[in-house]
Structure formats: structure tokens, C-alpha cells
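Order of listing sets the numbers, starting from 1, for every ligand and every atom in it.
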Amino acid sequence: MTNQTLTPADHELLAEARAAREMAYAPYSNFHVGAAIRTGDGRIFRGCNVENASYGLSICAERVAIGSAVAAGSRDVEACAVVLPDGLRATPCGACRQWLTQFNPQMRVLLVGSDGTVEVTTAAALLPGGFEL
Ligand code: THU
């Protein structure tokens with residue numbers, strides 16, 4: 001689904017993801033990513049990527065946002081917005097797809113494209129055959 005009509009709530013979540021991107025700690029890749037999660041209680045949680053000198057320990061914006069929501073007691077994730085640096089298409093990595101799916105396969109996922117248009121999809125659509133216990 002691309003270029004679907006975005007709701008005011010979608011626009012708010014996208015703005016939060018862009019604000020989160022400003023906080024990215026990416027001294028190694030210089031690739032700044034922002035994410036925002038909306039939960040069922042109407043709260044929004046931001047995430048940015050946080051890198052580490054031991055590169056493999058870096059964490060993506062999406063997982064930081066989800067972890068923030070969970071730590072605040074809000075696990076009912078309804079939507080997630082992701083923005084990469086301007087001009088690049090957001091497409092969550094495999095680990096983040098697994099994390100998103102864990103908390104709601106049907107969550108609305110908003111991915112900003114290279115031309116700024118927003119792709120609207122779901123966690124389940126992003127991760128067919130994801131791992132389940
Ligand atoms: N990154 C994210 O935070 N989210 C994504 O969806 C893609 C990649 C981060 C990880 C790393 O800090 C940097 O972007 C380059 O891969």
C-alpha cells in the first residue's frame with residue numbers, strides 16, 4: 001500500500017519520528033534514523049539509532065522505540081513510523097521486523113520513501129514466516 005490517505009494521527013507519528021531522528025547517535029555510520037511508536041493508550045514513544053564503538057552492538061531506532069514503550073508499560077503497539085536520512089527509503093532490518101511483529105503483527109507501519117511519500121504497511125506484511133515460540 002503506497003500513498004494511502006494518511007490520518008492526522010499518522011502525520012503526528014511521522015513528525016515524532018523525524019524529531020527522534022535528530023537525537024540519533026550515529027558517529028560511525030553517520031546514518032541518522034528515527035522511529036516513533038503509538039500505543040493503544042494514545043501515548044507516543046520515540047526511538048533513534050544508538051551506535052557503539054563495537055559496531056555490532058549498535059541498535060536500530062525501531063527497537064529503541066519499542067523498548068521505550070515496553071519499559072513504560074505500554075505494550076499495545078498500534079503503529080510505528082520510520083524515517084531514514086532524507087532521500088532514502090525506510091525499510092526496517094530483519095531484527096526490527098521480528099521485534100515489531102512480536103508486539104502486534106497487525107500494527108500499522110509507516111515507511112517514508114525516497115521521494116517523501118509514505119508507504120503504509122503492517123508488521124506481518126514486512127515479515128512473512130517470522131519466528132514464533
Ligand atoms: N538503522 C536503523 O536504526 N533502522 C533501520 O531501519 C535501518 C538501519 C541504523 C542502524 C545503524 O546505526 C545505521 O542505521 C546504519 O545501518
Side-chain angles (χ1 to χ4, degrees):
M1 295 185 279
T2 307
N3 292 336
Q4 256 190 207
T5 305
L6 298 175
T7 66
D10 290 337
H11 285 294
E12 182 187 20
L13 202 61
L14 289 160
E16 291 284 335
R18 289 191 183 94
R21 185 177 60 183
E22 299 297 314
M23 301 298 138
Y25 176 71
Y28 305 105
S29 72
N30 199 32
F31 193 85
H32 294 198
V33 183
I37 293 282
R38 178 188 302 287
T39 53
D41 51 12
R43 300 170 76 187
I44 290 177
F45 299 90
R46 294 179 181 179
C48 62
N49 53 330
V50 182
E51 297 187 344
N52 190 272
S54 179
Y55 296 170
L57 300 183
S58 300
I59 185 167
C60 295
E62 296 92 323
R63 278 176 282 157
V64 170
I66 290 177
S68 178
V70 171
S74 293
R75 299 179 188 166
D76 177 19
V77 179
E78 289 186 343
C80 177
V82 185
V83 290
L84 263 55
D86 286 340
L88 296 178
R89 173 174 175 254
T91 176
C93 78
C96 288
R97 291 173 192 224
Q98 181 76 32
W99 266 55
L100 292 169
T101 304
Q102 178 84 21
F103 289 98
N104 176 10
Q106 300 312 319
M107 80 169 71
R108 188 172 173 86
V109 180
L110 308 172
L111 302 173
V112 177
S114 56
D115 60 358
T117 61
V118 178
E119 177 184 355
V120 182
T121 184
T122 65
L126 288 170
L127 187 67
F131 178 70
E132 288 177 61
L133 278 178

S.K.: If the test is side-chain contact (heavy atoms from CB on, under 4.5 Å), which one of V83, V82, L88 qualifies with V33?
M.R.: V82
S.K.: Write out the residue and atom name of the closest protein heavy atom to atom 3 (O) of ligand 1, then the distance separating them to 0.1 Å.
M.R.: A61 N, 2.9 Å
S.K.: Between S58 and ligand 1, is there a nitrogen or oxygen pair with a distance under 3.5 Å?
M.R.: no
S.K.: Quick one: CD1 on I37 to CG on L100, what's the gap to the nearest 0.5 Å?
M.R.: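 So the CD1 of I37 and the CG of L100 are separated by 6.0 Å.
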S.K.: Counting only non-hydrogen atoms of the protein, does one fall under 4.0 Å from atom 7 (C) of ligand 1?
M.R.: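 It does not: no protein heavy atom is found less than 4.0 Å away from atom 7 (C) of ligand 1.
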S.K.: Report the distance from atom CZ of R38 to atom CD of E12, rounding to the nearest 0.5 Å.
M.R.: 5.0 Å
S.K.: So which heavy atom on T91 is nearest to which on R97, and how close?
M.R.: OG1-NH2, 2.6 Å
S.K.: If you measure from CZ on R89 to OG1 on T117, what distance do you get to the nearest 0.5 Å?
M.R.: 9.5 Å
S.K.: Does the N or O separation between S29 and ligand 1 drop below 3.5 Å for any pair?
M.R.: no
S.K.: Answer with yes or no whether P92 contacts ligand 1, where contact means a heavy atom under 4.0 Å from a ligand atom.
M.R.: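 So P92 counts as touching ligand 1.
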S.K.: Check whether any side-chain N or O of S58 sits under 3.5 Å from a backbone N or O of N52 as a donor-acceptor pair, and report yes or no.
M.R.: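 Pair found, side chain donor or acceptor close to backbone of N52.
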S.K.: What protein heavy atom lies closest to atom 9 (C) of ligand 1? Include the residue and the distance to one decimal.
M.R.: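 For atom 9 (C) of ligand 1, the nearest protein heavy atom is N49 ND2, 3.6 Å.
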S.K.: Below 4.0 Å, non-hydrogen atoms only: which portion of C60 touches ligand 1? Side chain, backbone, both or neither.
M.R.: both
S.K.: State whether the shortest distance between N or O atoms of V33 and N or O atoms of ligand 1 falls below 3.5 angstrom.
M.R.: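 No - when backbone and side-chain N and O of V33 are compared with those of ligand 1, no distance drops under 3.5 Å.
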S.K.: For atom 12 (O) of ligand 1, grab the closest protein heavy atom and report residue, atom and distance to one decimal in Å.
M.R.: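 In this structure, atom 12 (O) of ligand 1 has E51 OE2, 2.5 Å as its nearest protein heavy atom.
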S.K.: To the nearest 0.1 Å, how far is atom 14 (O) of ligand 1 from its closest protein heavy atom, and which atom is that?
M.R.: F31 CD2, 3.3 Å
S.K.: Give me the nearest non-hydrogen protein atom to atom 4 (N) of ligand 1 as residue plus atom name, then the distance to 0.1 Å.
M.R.: E62 OE1, 2.9 Å
S.K.: Would you say N104's side chain and V77's backbone share a donor-acceptor pair under 3.5 angstrom?
M.R.: yes
S.K.: Using the salt bridge (Lys or Arg N to Asp or Glu O under 4.0 Å) criterion, which residues pair with R18? Sequence neighbours excluded.
M.R.: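 For R18 there are no salt bridge (Lys or Arg N to Asp or Glu O under 4.0 Å) partners, ignoring immediate neighbours.
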